[in-house]
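So that the names make sense, note that chain A is the first sequence line, chain B the second, and so on, each numbered from 1.
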There are 2 protein chains.
Amino acid sequence: MIQAIDRAAKVLQLLQGARHLGISELSAALDLPPSTVHGIVASLRTHGLVAKEPHGKRYMLGPALLKLSNVYLDTLDVRARAMRWTRELSRRTGLATRLGAELFDEVIIIEHNGRPDGSQQMPETGLSIPAHASAMGKVLLAYNPTLAAELMRKPLRSLTGDTITDAAVLTLQLAQVAERGLASEEQEAVLGESSLAAPVADRSGTVIAAVAVVLPSSEWPPEDNVLNVLRETARNISRELGATSWPPRVAEPEDDSDDPEVG
Amino acid sequence: MIQAIDRAAKVLQLLQGARHLGISELSAALDLPPSTVHGIVASLRTHGLVAKEPHGKRYMLGPALLKLSNVYLDTLDVRARAMRWTRELSRRTGLATRLGAELFDEVIIIEHNGRPDGSQQMPETGLSIPAHASAMGKVLLAYNPTLAAELMRKPLRSLTGDTITDAAVLTLQLAQVAERGLASEEQEAVLGESSLAAPVADRSGTVIAAVAVVLPSSEWPPEDNVLNVLRETARNISRELGATSWPPRVAEPEDDSDDPEVG
DNA sequence: GGTGGATATTCGACATTATCGAATGACATT
DNA sequence: AATGTCATTCGATAATGTCGAATATCCACC
């Protein structure tokens with residue numbers, strides 16, 4: 001781990017959390033001298049990863065991140081392949097759909113289709129949700145025991161009254177998810193919103209993403225039809241990626257322990 | 001400039017261009033030993049800024065960038081304030097609209113509204129266009145001589161047959177843009193697509209963004225009405241940001257020479 | 001199915017490199 | 001107008017990242 005890069009990344013993370021920070025604030029948060037932080041920020045700035053506030057002296061995230069992120073999305077094979085299927089899923093169920101990938105202890109939405117009812121909806125691509133509070137997250141965790149173990153080393157943060165905060169309960173659910181090839185969540189992340197997710201596997205059988213349908217809790221539980229169409233969608237995407245069987249098998253915990261590969 | 005951070009940023013840039021690269025390819029591109037590059041990539045990877053291909057040994061951009069970029073967009077005051085105005089602009093003109101910010105020698109689209117005709121259109125947020133080939137870019141350059149000078153130090157890349165590649169011609173246009181408070185571009189970036197842009201200023205009178213309408217070249221030139229509504233939109237956004245006059249004045253070249261602040 | 005080549009990865013000594021503290025400069029606030 | 005806060009610059013020190021050789025791993029070809 002290269003120290004300077006680690007510190008630079010931490011600066012980005014801090015700005016991600018606080019939006020606007022001055023050198024002294026960063027300096028305090030990182031427990032580093034202001035001059036050191038200044039050097040780091042200046043370096044990030046020359047690459048557009050950080051920008052100075054128009055007239056204040058605080059710093060914020062920079063525009064280069066937007067460009068990088070756009071390329072990131074383009075790079076994702078799953079996303080390109082999944083798009084037509086998630087659109088169809090949305091059409092056939094009348095529900096909003098999501099495609100999510102793992103980002104440490106969160107799920108990040110890499111594709112989103114609003115409900116096809118024409119109502120004005122916020123695009124959700126780029127949002128991230130704590131994995132343990134999300135149906136997609138449960139899917140990703142269920143098929144990746146290493147990740148699940150890592151996640152449960154810290155206490156589970158509560159987002160609503162219904163968020164699972166007990167590791168034992170979560171573990172139990174994950175086992176069921178792996179068995180059924182389907183995860184659900186009722187108002188565990190957002191009040192009034194529930195979801196259902198299924199695993200997407202690639203050629204090697206590794207689960208690399210999750211598809212989900214999102215529905216108002218007032219419409220819970222969903223019809224069997226929704227479950228079937230969701231499953232079918234996950235299987236179709238997986239097949240298009242070269243997976244031979246579905247639902248996939250749970251990966252063996254790797255001896256090579258650190259963070260799992262993402263794609 | 002901290003060396004390690006500079007190199008890390010270059011790795012991100014390379015991955016932005018090539019999507020998938022192995023250590024040896026990066027090593028060759030950066031002219032650094034593989035072990036050094038490996039260390040850099042490993043550091044970026046622990047922060048999710050870079051990810052390993054699911055089963056290959058090459059690397060790609062990581063999901064953390066998507067999250068950062070989402071926060072970046074949320075951070076932008078201009079964007080939040082401009083949204084209702086650009087939507088109205090789109091509605092009143094029947095055209096696609098964009099809001100753009102400066103990213104070195106490019107303009108990056110930070111907000112996009114498709115044509116309100118209901119046709120299927122690709123979201124453009126996050127796309128970047130060489131500044132000299134874009135109406136928004138011309139606006140940003142016209143009000144920032146330092147940036148314009150910097151940009152013309154390298155030859156201007158041609159994107160279509162109509163792209164301005166002659167610095168003298170561009171300089172002339174920029175002067176006109178600053179005078180009129182309006183820039184235009186006919187198929188200089190994309191064949192069949194032309195656009196018109198106006199400056200957005202903040203409280204201090206600094207031009208921090210540009211609004212644009214995009215129209216098929218077949219509909220060129222636009223009606224006077226479009227020009228007026230565009231101007232009105234730019235003025236309204238600027239006023240909402242606290243600008244007192246519009247169009248803004250051209251900033252004096254700063255003695256403090258390096259890259260201008262972005263917001 | 002076995003072998004060879006290429007590529008990624010690990011490790012430790014060295015010297016380059018980033019770090020830090022003090023001094024300066026800019027700003028805002030009283 | 002003066003004082004405090006904060007960002008920024010600069011140069012010496014030693015901690016840090018860099019590099020090359022050795023090893024492991026993966027692929028492709030035979």
Side-chain angles (χ1 to χ4, degrees), chain A residues 1-11 14-15 18 20-47 49-60 62 202-204 206 242 252 254-263, chain B residues 1-11 14-15 18 20-47 50-60 62 203-204 206 242 252 254-263:
Chain A
M1 167 67 53
I2 295 174
Q3 190 187 54
I5 297 179
D6 187 46
R7 289 174 174 179
K10 289 209 175 92
V11 166
L14 285 166
L15 289 172
H20 300 267
L21 290 172
I23 294 289
S24 57
E25 294 169 298
L26 288 167
S27 166
L30 293 169
D31 193 30
L32 288 173
S35 55
T36 301
V37 174
H38 185 265
I40 294 166
V41 170
S43 301
L44 288 170
R45 205 147 85 88
T46 61
H47 290 277
L49 297 168
V50 158
K52 191 185 263 197
E53 274 188 341
H55 296 284
K57 40 191 176 182
R58 293 182 309 174
Y59 293 91
M60 46 188 270
D202 70 0
R203 178 176 14 242
S204 75
T206 313
E252 290 303 314
E254 313 171 18
D255 36 349
D256 170 4
S257 63
D258 61 31
D259 61 308
E261 301 157 356
V262 181
Chain B
M1 166 69 53
I2 295 173
Q3 191 188 50
I5 296 178
D6 187 46
R7 288 175 173 177
K10 289 209 175 89
V11 166
L14 284 166
L15 289 172
H20 300 266
L21 290 172
I23 294 289
S24 57
E25 293 169 298
L26 287 167
S27 166
L30 293 169
D31 193 30
L32 287 173
S35 55
T36 302
V37 174
H38 184 266
I40 295 166
V41 170
S43 301
L44 288 170
R45 206 148 83 87
T46 61
H47 290 277
V50 158
K52 192 184 261 197
E53 276 189 339
H55 296 283
K57 41 190 174 182
R58 292 182 309 175
Y59 293 91
M60 45 189 269
R203 176 176 16 240
S204 75
T206 313
E252 291 303 314
E254 313 171 19
D255 37 349
D256 170 5
S257 63
D258 62 29
D259 61 307
E261 300 157 356
V262 181

Checklist entry - Roughly, in whole Å, what's the span from CD1 in B:Ile23 to P in C:dA8? => result 6 Å
Checklist outcome for this item: Applying salt bridge (charged side-chain N to carboxylate O under 4.0 Å, His left out) to B:Lys10 and not counting sequence neighbours gives B:Asp6
Item to check | Point-to-point distance, once rounded to the nearest 0.5 Å, from CG of B:Leu26 to NE2 of B:His38 | outcome: 11.5 Å
Collect all protein-nucleotide pairs involving nucleotides 18-22 of chain D in which both atoms are nitrogen or oxygen and the distance is under 3.5 Å.
unit_1, atom_1, unit_2, atom_2, d
D:dT18, OP1, B:Arg7, NH1, 3.1
D:dC19, OP2, B:Thr36, OG1, 2.5
D:dG20, N7, B:Ser35, OG, 3.2
D:dG20, O6, B:Ser35, OG, 3.0

Check the interface with nucleotides 25-28 of chain D: list each N/O to N/O pair with the protein under 3.5 Å, or write none.
none

Next on the checklist: Please give the distance between the C1' atoms of C:dA15 and C:dT19 as a whole number of Å.
Outcome noted: 16 Å
Item to check | Separation of atom CG in A:Asp6 from atom P in D:dT16, rounded to whole Å | outcome: 12 Å
Checklist entry - If you round to the nearest 0.5 Å, how far is NE2 of A:His20 from CZ of A:Arg58? => result 6.0 Å
Next on the checklist: Nearest 0.5 angstrom please: B:Gln3 CD to B:Thr36 OG1, how far?
Outcome noted: 9.0 Å
Checklist entry - Any side-chain N or O of B:Ser24 under 4.0 Å from OP1/OP2 of C:dA6? => result no
Checklist entry - For D:dT8, does either OP1 or OP2 sit under 4.0 Å from a side-chain N or O belonging to A:Tyr59? => result yes
Next on the checklist: When you measure from the side-chain N and O atoms of A:Lys52 to the phosphate of D:dT8, is any distance below 4.0 Å, counting only OP1 and OP2?
Outcome noted: yes
Item to check | Result of checking B:Leu44, B:Leu14, B:Val11, B:Val41 against B:Tyr59 for side-chain contact (heavy atoms from CB on, under 4.5 Å) | outcome: B:Val41
Checklist entry - Do the side chain of A:Ser27 and the main chain of A:Val37 share a donor and acceptor less than 3.5 angstrom apart? => result no
Checklist entry - Rounded to the nearest 0.5 Å, what separation is found between the CZ atom of A:Arg45 and the NZ atom of A:Lys52? => result 5.0 Å
Item to check | CE on B:Met1 to CD1 on A:Ile40, rounded to 0.5 Å | outcome: 12.5 Å
Item to check | Length of the line joining B:Met1:CE and C:dT19:C1', which is rounded to integer Å | outcome: 16 Å
Checklist entry - D:dT5 P sits how many Å from A:Leu26 CG, rounded? => result 19 Å
Checklist entry - Within a strict 4.5 Å, meaning less than it, do heavy atoms of the B:Leu30 and B:Arg7 side chains meet? => result no
Checklist entry - Is the distance from OP1 or OP2 of C:dT9 to the nearest side-chain N or O of B:His38 less than 4.0 Å? => result yes
